[in-house]
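Read the structure below first, then the notes.
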Amino acid sequence: MIDTPQKERHTLSIIVDNEAGVLARVIGLFAGRGYNIEHLTVAPVDIAGHESRITVVTIGTPKIIEQIKAQLDRLVPIHRVGDLTDEGPSVERELALIKVSGDKEQRLEALRVAEAFRAKRVDSTANSFVFEVTGKTEKIKAFIELMDDLGLVEVVRTGVAALHRGKKIL
Amino acid sequence: MSSKAKSGAAILIKSLEDLGVEVIFGYPGGAVLPIYDELHNHKKIKHILVRHEQAAVHAAEGYARSTGKPGVVLVTSGPGATNAVTGLTDAMLDSIPLVCLSGQVPVQLIGTDAFQEADTVGITRHCTKHNYLIKKADDISKVIHEAFHVATTGRPGPVVVDIPKDVQIFESEKLHKGPIVHRSYRPASKGDDDAIKQAVELLATAKKPIFYTGGGVINSGPKASKLLRKLVQLTGAPITSTLMGLGAYPASDPLYLGMLGMHGTYEANHAMHDCDVMVCIGARFDDRITGRIDAFSPNSKKIHVDIDRSSINKIIHVDVPVVGDVAHVLEVFLKMWKKGRHKLDAPALAQWWDEINHRKTRNCLAYKKNDDVIMPQYAVERLQTLTKGKDVYFTTEVGQHQMWAAQYLEFEEPNRWMTSGGLGTMGYGFPAALGAQVAHPKALVIDVAGEASIQMNIQELSTVMQYNLPVKIFIMNNEYMGMVRQWQELNHEGRYSNSYTASLPDFVKLAESYGATGFMVDHPDALDATITKMIETPGPVIVDCRVEKLANCFPMIPSGAAHNEMILPDEEELKEFEGGAALV
């Protein structure tokens with residue numbers, strides 16, 4: 001009867017009508033009911049721009065995750081809610097831009113680490129770089145941690161984008 | 001524009017007409033003047049001018065709850081809309097179908113902190129099922145039709161449509177015809193046959209079954225109540241109801257155990273605790289019902305029929321969920337039950353009834369009789385007796401009087417009982433009675449009130465006088481916010497902080513000042529005559545019924561306690577449960 005304390009991380013994909021206020025409805029639901037948002041990504045995904053796909057990474061007990069999905073499902077402008085964590089294998093990617101600023105030795109080391117992570121150098125000045133790195137959240141996190149000692153000054157991340165593997169679609 | 005073009009306001013009113021709207025409860029203001037201009041001397045739609053927008057929404061709730069039709073509200077921008085918020089939240093929690101039209105500042109002024117501007121769509125996002133801001137006159141008709149569709153289908157609820165003033169003036173030719181085909185909204189309706197089959201098979205194994213039914217049965221319509229009666233009587237199992245569900249099953253039936261929950265009957269709560277199969281229909285395991293979650297009906301398998309998937313497993317884990325409309329699910333359930341020639345185990349059921357009947361002898365609604373002071377329970381009993389068989393609708397405010405009304409009034413039919421269950425809104429009952437009276441002009445409509453709650457929307461006396469709505473207000477006056485006082489006695493060692501109402505008005509003179517009738521009664525011997533006078537006097541009547549000041553409402557499951565840990569009326573000592581003071 002009592003919630004198992006084990007919390008799980010779930011990636012939810014939500015297809016919504018691209019109308020004014022729809023993001024506020026989704027975020028408001030999470031805030032109002034005390035659910036977690038770890039990552040949030042949203043953009044229109046069809047050519048006409050009528051539908052948007054929201055990807056939310058959330059953490060909760062299985063019971064709470066079920067509630068989140070049911071609550072999202074009853075919002076009027078929501079077409080579909082999928083749980084990529086539950087519904088078989090999926091690919092997850094995140095993009096981050098990372099600015100480092102430093103002197104010679106640090107710069108060289110930063111370039112070496114960036115290469116190891118297949119990060120692209122998208123901006124260079126005499127005393128700074130901006131790297132673009134994509135990958136799973138853990139990879140981004142590891143890259144940022146390594147850069148922390150190499151003059152890291154600014155980070156921006158897109159949040160997670162995710163799709164089912166194979167032919168399966170939401 | 002061609003000659004067929006009409007103003008947005010005219011299109012709005014035409015759309016309401018097409019949707020069969022007969023009554024609007026509202027209050028005018030700057031941002032809705034074009035709509036009011038269209039309503040001026042309108043032949044088909046009657047506008048009821050309330051005295052506060054909160055009351056407009058509660059009136060629409062009373063109208064909706066007593067008819068099964070959606071209620072319609074019209075308010076202006078800014079304060080008009082914010083005053084409606086309490087009513088909208090009330091309708092949201094009790095799943096009442098409403099459409100609330102609000103004026104908004106002209107489109108170009110939105111976001112500039114214009115006069116009487118409020119972000120109505122933002123503010124009401126959390127207290128509505130859905131809301132809209134219309135930016136083009138061309139969209140009005142379709143959005144209005146859609147709003148009614150959303151409000152009335154699936155799990156019903158309030159919908160706000162915010163209409164800027166310039167959009168009300170702009171012209172358009174677009175009038176929506178035909179059904180709504182929504183891009184994304186797909187409410188559940190039919191339950192899954194396999195799930196219903198599982199439910200049938202589970203119930204058939206029961207030795208100690210119970211039906212636990214709620215407001216969803218009433219929302220589903222009169223057919224659902226009829227089917228429920230058939231099913232329960234076919235099985236011979238006991239049935240209990242939530243506060244919101246009263247009337248879905250006739251109170252006089254021997255299978256009915258009365259209300260369950262915090263102030264429910266001893267037999268109903270114990271049967272919930274001891275049952276082996278629970279059939280929950282259109283109820284949502286609210287905290288007033290379950291008491292302590294980890295001690296809730298520990299040995300039962302549970303079936304849950306609900307139109308809203310998010311109600312399933314929200315509070316209590318259930319074994320067989322059935323997502324669908326109650327009437328449909330019950331229809332299929334009955335067919336399968338009959339086709340499978342299922343029958344409950346008769347000896348087991350007889351033994352189960354023995355246990356229940358033994359608990360009934362505890363007579364949990366008994367109270368100490370008093371020859372000199374009117375006991376509040378006695379007052380409600382007399383109201384019940386003296387209105388029995390009449391075409392009567394009851395509403396209540398919130399507090400002790402509400403629970404006494406729920407315990408001692410007996411409802412034989414659905415849609416006869418209107419109360420604020422989920423939100424617990426003081427000030428609900430009088431405007432809700434007003435709305436019910438508009439829908440049923442010839443019926444007897446009684447608001448069972450407390451002297452504190454009634455003052456929260458007392459201004460509506462003016463409205464009932466203006467429209468000659470003969471609402472009867474029966475105030476059980478104990479000079480306290482009685483339920484607050486009872487909880488202070490229970491959890492705060494009797495420190496009655498701010499729960500005594502000093503400087504009460506003379507309710508008789510108050511009634512008279514509006515041109516209504518007022519009676520005061522303070523002795524049991526005069527009670528029957530006063531109630532009879534109240535019923536027989538034409539027009540609105542207030543009865544100031546002075547009752548025992550310190551009476552407590554029993555039986556009671558204190559917060560934090562389990563169903564089998566009830567306090568009964570003759571157990572003088574109030575027990576505090578661990579952590580009770582922190583609970584609500």
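Labels below follow one simple rule: chain letters A, B, ... track the order of the sequence lines, proteins then strands, and each chain is numbered from 1. All figures in this text were calculated on a predicted structure; none of them were measured in a lab.
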Task: Whether over 12 other heavy atoms sit under 6.0 Å from A/R118 CZ - done: no
Open item on the list: Counting only non-hydrogen atoms closer than 4.5 Å, does B/R186 touch chain A with its backbone (N, CA, C, O), its side chain (CB onward), both, or neither?
Closed with: neither
TODO: Side chain from CB out, backbone as N, CA, C, O: work out which of these in B/N131 comes under 4.5 Å of a heavy atom of chain A, or both, or neither.
DONE: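 The answer is both parts of B/N131.
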TODO: Kindly give the heavy-atom pair with the smallest separation between B/R125 and A/A24, and that separation in Å.
DONE: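 Closest approach of B/R125 to A/A24, heavy atoms only: NH1-CB, 3.1 Å.
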Task: Proximity of residues 66-103 of chain A to chain B, residues having a non-hydrogen atom under 4.5 angstrom - done: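 If one takes a 4.5 Å heavy-atom cut-off, the residues of residues 66-103 of chain A near chain B are A/E66, A/Q67, A/K69, A/A70, A/Q71, A/D73, A/R74, A/V76, A/P77, A/I78, A/H79.
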TODO: Taking heavy atoms only and a threshold strictly under 4.5 Å, list by residue number the residues of residues 130-142 of chain A that touch chain B; give 'none' if the list is empty.
DONE: none
Task: Choice from B/D308, B/L133, B/V121, B/V150 maximising heavy atom contacts with chain A below 4.5 Å - done: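 Option with the top pair count is B/D308.
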TODO: Could you tell me whether the side chain of B/H317 reaches within less than 4.5 Å of the side chain of A/K63, counting heavy atoms only?
DONE: no
Task: Rounded distance (nearest 0.5 Å) linking atom CZ of A/R33 with atom NZ of B/K314 - done: 6.0 Å
